[in-house]
Amino acid sequence: MIAISSPKHLVVFGRPGSGKSSLAERIGTDHGFRMVRTGELLRTAIRKGDALGAEVESILASGNLVPDLMVFELLERDLKAPVNEKLLFDGFPRTFSQIPLMERLEKRMGFRVDCFLEIAVSPEEALARMTARRVCPHCGATYHLKNKPPKVEGVCDHDGERLTTRKDDNPEVIAVRQGVYDEHMSPVLNHYQTNAPERFRRVNGEQSFDEVYAETEHVLGFSKT
Ligand code: ADP
């Protein structure tokens, strides 16, 4: 597979439980990307405790998607300052109708996504992984009991906060989220694969975290080998 040449604007796709967010976090840290995580923006909105937060909270708890324009507004607010930074989008676009919103964002902010990267994992593997996920309620860092445990059990490496399970990581909600992903993301993935094949890449997410990371670095032209 031809490597993308060191992208500056990157979108990462992957079903819930694919390891997408942990992978994105590490790419961001190692290669100096600013993270743009819509799930995290939404959870921050919930923590504010206002009317919008309450609405978002009930949607997330059900496993469904937040309305496109609500997500777009949060994104615009987050990216208000002119961005010269490298950006890594995690969680956007997530529906077919968010594709033109991403294009609007690109025009408005003056950048172009260099790579759309899919971390491919089967629904069965994703399900098995999600039950072992733990998160930091303070900074949003994610861990996995087996594949990516924190240095000290039950405690965040970054800020020492007690790790918790995400509210939407229970079996019923997990099933809804997998269904929602297949329904909404298949057309998005098809779109980029068909219309922007030179910018679309897929890595095998069913390997150890380090192997997936190595393949990702290779595909993005970041590895020295
Ligand atoms: P995951 O990818 O594991 O579902 P995220 O943190 O990316 O976790 O998203 C959590 C929830 O936030 C989603 O289930 C959905 O309700 C909401 N969400 C995140 N990004 C979007 C988006 N672009 N559009 C609509 N809803 C979103």
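Counting starts at 1 for both ligands and their atoms, in listed order.
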In this structure, does ligand 1 have an atom that sits under 4.0 Å from one of the heavy atoms of Q178? no
Taking heavy atoms and a distance under 4.0 Å, where does R15 meet ligand 1: side chain, backbone, both or neither? neither
Give me the nearest non-hydrogen protein atom to atom 24 (N) of ligand 1 as residue plus atom name, then the distance to 0.1 Å. Q98 NE2, 2.9 Å
Should the pair K148-D157 be classified as a salt bridge under the 4.0 Å nitrogen-to-oxygen rule? no
In the protein, which heavy atom is nearest to atom 11 (C) of ligand 1, and how far is it? L60 CG, 3.8 Å
Looking only at non-hydrogen atoms, which of L75, L101, V66 approaches atom 25 (C) of ligand 1 most closely? V66
Students often mix this up, so state it plainly: with edges at 30° and 60°, are the rings of H158 and Y143 parallel, tilted or perpendicular? tilted
For atom 17 (C) of ligand 1, what is the nearest protein heavy atom, given as residue, atom name and distance? L42 CD1, 3.4 Å
With a 4.0 Å cut-off on heavy atoms, is R166 touching ligand 1? yes
With heavy-atom distances below 4.0 Å as the criterion, list the atoms of ligand 1 near G91. 20 (N), 21 (C), 22 (C), 23 (N)
Looking only at protein heavy atoms, identify the closest one to atom 7 (O) of ligand 1 and say how far it is in Å. R94 NH1, 2.9 Å
So, is the end of the R201 side chain (NZ or CZ) under 6.0 Å from the ring centre of F116 and within 45° of the ring's axis? no
Indicate the ring-plane relationship of F96 and H191, choosing parallel, tilted or perpendicular according to the 30° and 60° boundaries. perpendicular
Counting heavy atoms only, which part of R133 comes closer than 4.0 Å to ligand 1: side chain, backbone, both or neither? side chain
Classify the ring geometry between F209 and Y213 as parallel (under 30°), tilted (30 to 60°) or perpendicular (over 60°). parallel
In terms of heavy-atom contacts, C115 and P7 come closest through CB-CB, 4.3 Å
Taking heavy atoms and a distance under 4.0 Å, where does R37 meet ligand 1: side chain, backbone, both or neither? neither
Atom 16 (O) of ligand 1: closest protein heavy atom, distance to 0.1 Å, is N64 O, 2.5 Å
Would you mind running through ligand 1 and noting each atom that sits below 4.0 Å from a heavy atom of F92? 23 (N)
Return the closest protein heavy atom for atom 2 (O) of ligand 1 as residue, atom name and distance. K20 NZ, 3.0 Å
Among H184, R177, R43, closest by heavy atom to atom 1 (P) of ligand 1 is R177
Around atom 20 (N) of ligand 1, find the nearest protein heavy atom and jot down its residue, atom name and distance. T38 OG1, 2.8 Å
